[in-house]
Amino acid sequence: MAVSNIIGQEIEKEADPLLELSRKLWLCPETKYEEIFAHDALTEFLERNGFTVSRRYKLDTAFRAVYKQGQGSPHVVVICEYDALPEIGHACGHNLIAEVGVAAGLGLKAALLANPAVSGTVTVLGTPAEENGGGGKVKLIDAGALHGADVAMMAHPDAQNMMAPGVMANTTGSAVYTGRAAHAAAAPWEGVNALDAAVAAYTSMSMLRQQTKPDCRMHAVITEGGVKPNIIPERSALAFTVRATSDRDLAPLKDKVTAIMKSAAVSTGCELNLEYSCPDGHVSHYANLIHNTELLTRYQMHWSGFGPQYGDIVPDRVWASTDMGNISQVVPSIHPTFRISASDVNIHSREFTTAAMEPQAHAAARCAAKAIASVGWDVLTDEDFLRKVKESFQAQRAENAY
Ligand SMILES: [Zn+2]
Ligand SMILES: [Zn+2]
């Protein structure tokens, strides 16, 4: 039997248990670094299906599940995400990403079992805390979790099927302005208005937008802006994110935003405490995603073979940021999106949360898993292909460097 049929049949055979697993995650949304239930459900499922599981692998809610045959090389890593958003649950559909990762692992394992002469390792890597600057993958890279991986692949649910969505480099920061309180009517000239500094910074960022490249993004919120109108605010705070399609474009944009934050302090006479880091100690920089061209061409070929009924492939557009970008800088990677609903709902909306549990979303997820497993099989069995993957990785990384 052709390997694509083995992979396809295995994943369809497991459709119900995979759906049940995904439903469990969806019903119990957990936010960054608190994915205890998801960690336990996924590791239990993979262990039951013959993987060697390392629970709490380097991080409390990360895991590694390995299936190895022969001397174990090459090494294909498929990525699971499973964190949710505060308030709106699985509005990014990470329950489906987990389903794709587990299903792709099962498909590759079945292909290996049917071909005992083939050597290779498939690792399902559970990476927590993608949302809201958690940077679980960045921490896992630093801890060596990707050592020895030849490729890393995942697929993300979305409103559209995109092969290489524009995943931007981003950095997050905070600016705290300190002024001086005074009575706003009796002696306002004695005050130093920290809210004015925050407003000046916010509006200067808005003006800067016109002078940036079309695919750059900046957004800010004023998180503190004073207490009462009759007190000149002595403290204000902004939280902001700056994004560009590459680290090369991000660096000068970040410099301009830094200048804006400083000038708002100078013009109002406030003190400024500017930090590029997340206040809760998570990761402040997500790299742009380098979609490996060789892997992507194969993925598209396999996707088209398995899933013409899951909608057209649309042109790539600017999309979001993810710590998968950081993995793509150290291992050849892909991160295509797959369409989960005919109603074109976008991620991070309550409508997407609902769509992420509909039957067609799971069918599309299984299709993505089959395509990923098939690319994985090509990596394990086609030396020439893997060499090309590695060559294009080096070339694309050199192009991205600054
Ligand atoms: Zn998200
Ligand atoms: Zn997401």
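These numbers were taken from a predicted model, which means no experiment stands behind them. First listed ligand is number 1; within each ligand, the first listed atom is number 1.
One side chain, Asp158 or Trp319, offers a donor N or O that lies under 3.5 Å from an acceptor on the other.
One distance of note links OH of Tyr286 with CG of Asp323; it measures 4.0 Å at 0.5 Å rounding.
Under the 6.0 Å cut-off for aromatic ring centres, Phe63 and Phe51 do not qualify, their centroids lying 6.0 Å or more apart. Ring-centre distance between Trp377 and His302: not below the 6.0 Å cut-off.
Shown here for Tyr202 and Ala220, the closest heavy-atom pair between the two residues is CE1-O, 3.3 Å.
Listed by chain and number, Cys92 SG, His94 NE2, His156 NE2 are the protein N/O/S atoms closer than 2.8 Å to the Zn ion (ligand 2), with waters left out.
Using a cut-off of 4.0 Å between Lys/Arg side-chain N and Asp/Glu carboxylate O, Glu383 and Arg387 are scored as not salt-bridged.
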